[in-house]
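Working notes, structure below.
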Amino acid sequence: MNYGLYSDTNHETPFKGTTGTAVAADGTAQTTTVYGLIPKGQAMTVGAYTDTVTATVTF
């Protein structure tokens, strides 16, 4: 199953996880929301599907 990760709800801006996403480093907790989109028209069988997305945080 193909899917994409995006940084906006309209799925227009691909999430740039490979090049980094900047957040403020002010000592408080930071949240980054990532949206997924599974394109229609894929020939899939009925069932449960899982995947793991790994985030590495460097500071």
Side-chain angles (χ1 to χ4, degrees):
M1 171 187 316
N2 294 316
Y3 65 89
L5 300 176
Y6 299 86
S7 58
D8 64 316
T9 57
N10 294 325
H11 306 107
E12 296 174 350
T13 307
F15 183 72
K16 297 178 183 177
T18 58
T19 58
T21 299
V23 294
D26 61 5
T28 62
Q30 302 295 315
T31 301
T32 299
T33 302
V34 179
Y35 301 91
L37 176 68
I38 301 170
K40 64 182 177 179
Q42 298 183 57
M44 305 296 300
T45 58
V46 175
Y49 296 86
T50 62
D51 196 4
T52 301
V53 176
T54 302
T56 301
V57 178
T58 305
F59 58 96

I need the full list of side-chain hydrogen bond (donor to acceptor under 3.5 Å, both in side chains) pairs touching residues 33-54, with sequence neighbours left out, sorted by first then second residue.
Tyr3-Asp51, Thr45-Tyr49

Check Val34 against Leu5 and note the closest heavy-atom contact, atom names and distance.
CG1-CB, 3.8 Å

Same apolar cluster: Met1 and Val53, side chain cutoff 4.5 Å
yes

I need the Ile38 CD1 to His11 NE2 distance, nearest 0.5 Å.
10.0 Å

